[in-house]
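Below is one structure, written out as C-alpha cells; comments come after it.
The model shown is predicted, which means the values in this text are computed figures rather than measured ones.
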Amino acid sequence: MGLKCMSLISGFLALQFLGGLLCMAIGNVLHYDFVLKETNFTRLCSTKSMLTVNGSFPGPKIQVYRGDTVYVNVHNQGLYGVTIHWHGVRQPRNPWSDGPENITQCPIQPGTNFTYEVIFTTEEGTLWWHAHSDWTRATVHGAIIILPPPPATYPFPKPYAEETIVLGEWYKGDVMAIIDDALATGGDPNVSDAFTINGQPGDLYNCSNGTTYHLVAEYGKAYLLRIINAVMNEEQFFAIAQHNLTVVGADGAYTKPITTNYIMITPGQTMDVLVTTNQSRSLYYIASTPYADTTAPFDNTTTTAILQYNGNYTRPSSIPFPPLPAYNDTVAAGNFTTRLRALASKEHPVNVPKTITTRIFIAVSVNQLICPNASCSGPDGNRLSASLNNISFLTPSIAVLQAYYKGLNGVFGGDFPSVPPYLFNFTGDVGNNTLYPSQGTKARFIKYGEAVEIVFQGTNVGAAENHPMHLHGFSFYLVGTGLGNFNNVTDPANFNLIDPPEFNTIGVPKNGWATIRFFADNPGVWYMHCHLERHASWGMDTVIIVTNGPTNATTIRPPPAYMPPCSS
C-alpha cells in the first residue's frame, strides 16, 4: 500500500487526514511535494535565513514499503539552482532521477520544478535524501524509512516504537557563502558552530538548552532508533548514557545484531539501532561527538539530546552523560566498524562476487594546487585540492549523463585509470611527488555484469584522515579493511566473503585501505565521491559508467520528457 499526499507534508502509509488534506491509498505509488524555500531559523542566539524543504529542518520524512515507487515534485522557490539525491536508493536503470548536480542532471532553477521518480527495490531499513548542489545539503536533508512489505516483518523483535535521529550541524554563517569563499581563496572552509540532533544543538551550547530534543520513552520498552549522519565534514561517535545500543541495520540493509555502548557513523551512513529502556526512570543524555583523526580544522564540540523516561520521579541533579571515545581514537572507530556483519539469512541473503573480472585500485589523497605568487590561503600559499588516483575532478557545465546518453564530445573523458599513475609508499614518507594532482573530468567505464572489486587506498599526502567514500547507484560489500598499504597477495586471504556488511558509504581508515565488491548490474552514470563535503568540493570525485547490457531490461531507461536544462 502506498499513499498520495499532494500537500506540503511528509506522508504516512494509511488512509487518513493529515494537515486537513486527504491522503489516498493508491497501491505502491506515492507522491510528495517538496518546496525549496528560504526560512528563518534561530539557534545559538542568532537568526538567519536558510534553504529548507517545506520550511523544516531537518526536512520531511519519506516513508515507504520495500518495492514502492515515489514521485517527488521539487518546486524551487529558493535563490539558486538545486538538485536532490536519494542517498542509497539504487534507482535501477534510472540515473535520470539520482540527482548529483552536473553529473546526472543540471540544477532545478529558481521558479521551476522537476519531478523525481524514486524506485525502491531491495533496500530495507533507513536511508536519506539530501540536496546535491555545492553545500546545500547542510540544511536540505531528511529521512527515508523503508518498511518490510506485509506480511513480512523485521528480522528482530518488533520494537515498541521508532524514532528518527538526524545528526546534523549548525552554521551561523551562510553555508553557500562559506564554501564559495573557501574555493575563491583556496583555504579551508569555516567549520560549523555546533552539531545538532534533530535540528537542535543541545544543552552544551549557549542559548540552546531550552530547545534540546527530548526522546520521551516508556519504561521497559524496545525502541528502534533510525540514525542518520547528515554532518558535512566529520564522522561521529554516538551513545546514550547507561544504555546499550544493538545495531541491527546499516545503509538500508540488515546486519547481525551487535551490542555496543557507542557507534561510529560516517557522513552519509545510516544505522538502525535498538535501545531498551531498562534503567531507572530518569533523564539520560544522548550525545554525539566528532571522530576527526586529522590535522585539518574541525568542529570539536558535542551535541546532546535527552532520553526522558515517562512517569513520576525526581529529576536528577546531574543528568548522566555517556563516556565517548576521544575525537582521535582510531582504535575505537576501527573496533566498532570491523564488528559489523551482514545478516546473511535465507530471507536476506548476500551475493558477494567471488570471481573478480574488473579490479580498480584508487589512491585517495588531499592535495594542493600551485597558485601564482603564492597568492592562495592554503599551505605555502597554495590552493587546497583533493584527488582520486591523482586526478582532481572538475565538474562540467553539461551533465555527464546527458553527454554520455547523447554522445556529446568534449564533456568528459573515459580514461580514469584503474591504478594510480604513480606507485609509491602510500602511507609512509610520500614526499612531494604526488602533492600536485592533474585536473580533469574523468570517468571509468565498466561493462554491464562485471564482478567489480575496488580497493580504496588512503594516503599520507597532505592531511591524512578517514575518508567516507560513497558510490551512487549501488550497494556494495565491504570485504576487508586494514591499516598501511594494501598487499594484493596477503590481504585478500583475510577477506570476508561469507557475511560482509552491505553499505553505500564506507570509511577508508586513515593511512589504511578498504576493499569493496559488487556486480555492475545497474547501467547508467553513477557518481563516486568522498562524503566529507570539503573533499568533494576540492575534487575527490569520479564517475563510474556502467554500459548497457544485451537486453532492454539491462539498458538505461530513456530520459523523462523534461529534464532541467543545462546552462550550456
Side-chain angles (χ1 to χ4, degrees), residues 76 80-86 91 93-109 112 114 116 131-136 179-180 183 358 360 362 367 369 383 385-418 421 437-448 450 452 454 469-474 520 522-530 533 535-549 555-568:
N76 188 359
Y80 36 77
V82 179
T83 65
I84 304 291
H85 169 53
W86 317 95
Q91 295 281 39
R93 304 171 49 230
N94 187 33
W96 307 102
S97 283
D98 189 50
E101 181 175 309
N102 288 9
I103 304 300
T104 60
Q105 71 169 95
C106 289
I108 307 165
Q109 294 299 328
T112 68
F114 175 65
Y116 291 91
H132 215 302
S133 302
D134 294 316
W135 277 28
T136 48
I179 185 56
D180 285 348
L183 294 178
T358 293
I360 306 173
I362 299 178
N367 306 90
L369 298 173
R383 174 180 299 278
S385 178
S387 68
L388 298 176
N389 276 352
N390 215 40
I391 300 169
S392 186
F393 188 82
L394 293 177
T395 303
S397 58
I398 297 176
V400 175
L401 174 58
Q402 176 181 324
Y404 169 65
Y405 193 80
K406 294 182 177 180
L408 303 178
N409 294 322
V411 176
F412 71 94
D415 54 346
F416 182 85
S418 295
S438 63
Q439 293 181 284
T441 307
K442 305 292 186 181
R444 175 59 157 84
F445 283 92
I446 298 176
K447 292 181 180 179
Y448 178 87
E450 292 286 292
V452 182
I454 299 178
M469 298 302 301
H470 172 47
L471 173 60
H472 293 218
F474 294 90
N522 193 8
V525 169
W526 306 109
Y527 198 32
M528 184 166 68
H529 62 99
C530 181
E533 212 61 29
H535 291 173
S537 298
W538 293 340
M540 196 177 283
D541 329 76
T542 192
V543 174
I544 285 180
I545 300 177
V546 177
T547 59
N548 289 332
T555 298
I556 296 178
R557 294 170 49 183
Y562 172 79
M563 289 291 294
C566 296
S567 58
S568 60

Option among Ile362, Ile103, Asp541 that satisfies the side-chain contact (heavy atoms from CB on, under 4.5 Å) test with Met528: Ile362
Atom pair CD1 (Ile398) and OG1 (Thr441), whose distance is rounded to the nearest 0.5 Å: 11.0 Å
Beyond-backbone contact of Pro437 with Ser385, side-chain heavy atoms, under 4.5 angstrom: yes
Note, Leu388 side chain near Met469 side chain (heavy atom, < 4.5 Å): yes
Residue from Trp86, Phe474, Tyr116 passing side-chain contact (heavy atoms from CB on, under 4.5 Å) with Gln91: Trp86
Set of residues satisfying salt bridge (charged side-chain N to carboxylate O under 4.0 Å, His left out) with respect to Glu533, sequence neighbours excluded: Arg137
Taking every non-hydrogen atom, the tightest pair across Tyr448 and Asn522: CE1-N, 4.2 Å
Distance (rounded to the nearest 0.5 Å) between His85 NE2 and Asp98 CG: 5.0 Å
Minimum heavy-atom distance Tyr404-Val546, with the two atoms named: OH-O, 4.4 Å
Student check: side-chain heavy atoms of Ile544 and Phe416 closer than 4.5 Å: no
Leu183 side, atom CG; Trp538 side, atom CH2 - distance, nearest 0.5 Å: 9.0 Å
Steps toward side chain to side chain donor-acceptor pair (under 3.5 Å) verdict (Arg444, Ser418): CA-CA 8 Å; Arg444 175 59 157 84; Ser418 295; 2.8 Å; yes
Side chain to side chain contact (heavy atoms under 4.5 Å, CB included) between Met563 and Phe114, intermediate numbers included: CA-CA 7 Å; Met563 289 291 294; Phe114 175 65; 3.6 Å; yes
Partner set under disulfide (SG to SG under 2.5 Å) for Cys106, not counting sequence neighbours: Cys566
Test of ring centre spacing under 6.0 Å for His132 and Tyr527: yes
Contact check, side chains of Ile446 and Thr547, non-hydrogen atoms, under 4.5 Å: no
Side chain to side chain donor-acceptor pair (under 3.5 Å) partners for Asp180, two or more places apart: none
Validation row: Leu401, Pro559 side chains within 4.5 angstrom (heavy atoms): no
Ala443 to Thr542 - nearest heavy-atom pair and separation: CA-OG1, 4.3 Å
Residue pair Ile108 / Pro564: nearest heavy atoms and the distance that separates them: CG1-CG, 4.0 Å
Results of ring-ring contact (aromatic ring centres under 6.0 Å, His included) for Trp96 - residues two or more places apart only: Tyr405
His529-His535 aromatic ring centre distance below 6.0 Å: no
Interatomic spacing from OG1 in Thr358 to CD in Glu450 - rounded to 0.5 Å: 3.5 Å
From NZ (Lys442) to CG (Asp415), nearest 0.5 Å: 3.5 Å
Counterpart residues, side-chain contact (heavy atoms from CB on, under 4.5 Å), relative to Thr395 (two or more places apart): Asn102, Phe393
Any side-chain heavy-atom pair of Val525 and Ile556 under 4.5 Å: no
Sidechain-backbone polar pair: Ser387 side chain, Met540 backbone, donor-acceptor under 3.5 Å: no
Stepwise side chain to side chain contact (heavy atoms under 4.5 Å, CB included) check, Trp526 with Val543: CA-CA 6 Å; Trp526 306 109; Val543 174; over 6 Å; no
Counterpart residues, side-chain contact (heavy atoms from CB on, under 4.5 Å), relative to Glu101 (two or more places apart): Thr83, Pro107, Ser133
Value rounded to 0.5 Å, distance of OG1 in Thr104 from NE2 in His472: 8.0 Å
Check: Arg93 side chain, Thr555 main-chain N or O, donor-acceptor pair, under 3.5 Å: yes
Within-4.5 Å side-chain heavy-atom neighbours: Ile391 and Gln439: no
